[in-house]
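Side chains included, hydrogens not; waters and symmetry mates left out as well; all remaining heavy atoms used. All of these numbers come straight from a predicted model, not from anything done at the bench.
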Amino acid sequence: VMHQQGFLMIQTTCPICRGEGTIVRKPCQTCRGSGLTAAEETLQVTIPAGVEDGSTLRMTGRGEAAPGGGQAGNLYVGLHVANDQRFERDGADLHTQVALSFPQAALGATILSPSLDDDIEVAIPAGTQPGDTLTLRGKGLPRLHGRGTGDLVVHIKLVVPKTLSPEQEEALRAFASAGGDHVEPPGERGSFWRKKRKESTSRAS
């Protein structure tokens, strides 16, 4: 709307149509003349393989509608990737831990390791040390946009048994004797700590 004020021509927005250029004479009760109504919609979202936690997907034209027939805005979907207790993720690479007994580590073995599909056989070479890793190429997560696949890194953890059967103890003592290792005599396993506890008790009394 143009109007003159003294020597000046002033342009202001029409207070009736609010700049839209048209006036709805009989607005309906649903949209009240805006031409828009609010509605909820459930959308199917395609998640790309290898997406990372915190990523955002943009869905063009699925956001808020624009008045007057304009182009609708975009919908942004935030993604949260749930944790898996079997793996620790590093980009497209996965890390997992596998427990070995002393004979398996010393002599070598074929064991099962978790993977994305099913448990997978892993060949453990003889002489494997605690903390060693084995890398399985291409057994990790897909990289975004089809750029290959990450690796699965298997970390070796040595498990020491807390109890032994008589046969196991005899065999282990023979092994230690053959290697010249000093071990506690039979029947005195843990005697060092028992002695310490007795000494502490006697001092306290």
Output every pair passing salt bridge (Lys or Arg N to Asp or Glu O under 4.0 Å) with a member in residues 54-66, not counting sequence neighbours, ordered by first then second residue. Glu41-Arg62

Just wondering, do Leu75 and Leu43 contact through their side chains at under 4.5 Å, heavy atoms? yes

Looking at side-chain heavy atoms only, is the closest gap between Arg89 and Leu94 below 4.5 Å? yes

Roughly how far, to the nearest 0.5 Å, is CD of Glu170 from CG of Leu164? 12.0 Å

Within the structure provided, determine whether Ile156 and Leu158 are in side-chain contact (heavy-atom separation under 4.5 Å). no

Are any of the side-chain heavy atoms of Val159 and Ser101 separated by less than 4.5 Å? no

Answer whether the closest heavy-atom distance between the side chains of Pro48 and Leu57 falls below 4.5 Å. yes

Quick one: OG on Ser113 to CG on Leu136, what's the gap to the nearest 0.5 Å? 6.5 Å

Taking the side chain as everything from C-beta on, heavy atoms only, tell me whether Val98 gets closer than 4.5 Å to Val122. no

So which heavy atom on Leu134 is nearest to which on Ala123, and how close? CD1-O, 3.8 Å

State, to 0.1 Å, how close Gly63 and Ala72 come at their nearest heavy-atom pair, and which atoms those are. O-CB, 4.4 Å

Once you round to the nearest 0.5 Å, how far does CD of Gln85 lie from OG1 of Thr96? 11.5 Å

Which heavy atom of Thr149 sits nearest a heavy atom of Gly138, and at what distance? CG2-O, 3.5 Å

Report yes or no: do Val45 and Val51 belong to one cluster of Ile/Leu/Val/Met/Phe/Trp/Tyr joined by side chain heavy-atom distances under 4.5 Å? yes

Sequence neighbours excluded - salt bridge (Lys or Arg N to Asp or Glu O under 4.0 Å) pairs with any residue from residues 105-130: none

Interatomic distance, CZ@Phe87 vs CG@Asp93, rounded to 0.5 Å, equals 12.5 Å

Under the salt bridge (Lys or Arg N to Asp or Glu O under 4.0 Å) definition, can you give me all pairs with a residue in residues 139-158, not counting sequence neighbours? Arg137-Asp151

In this structure, OG1 of Thr56 is separated from CG of Leu79 (nearest 0.5 Å) by 7.0 Å

Without swapping roles, check the side chain of Glu52 against the backbone of Gly50 for a donor-acceptor pair under 3.5 Å. no

Could you tell me how the ring of His95 sits relative to the ring of His155: parallel (under 30°), tilted (30 to 60°) or perpendicular (over 60°)? tilted

Leu152 versus Leu116: any side-chain heavy-atom pair under 4.5 Å? no

Nearest heavy-atom approach of Arg86 to Ser115 is NH1-O, 3.5 Å

Quick one: CD1 on Ile111 to CD1 on Ile120, what's the gap to the nearest 0.5 Å? 11.5 Å

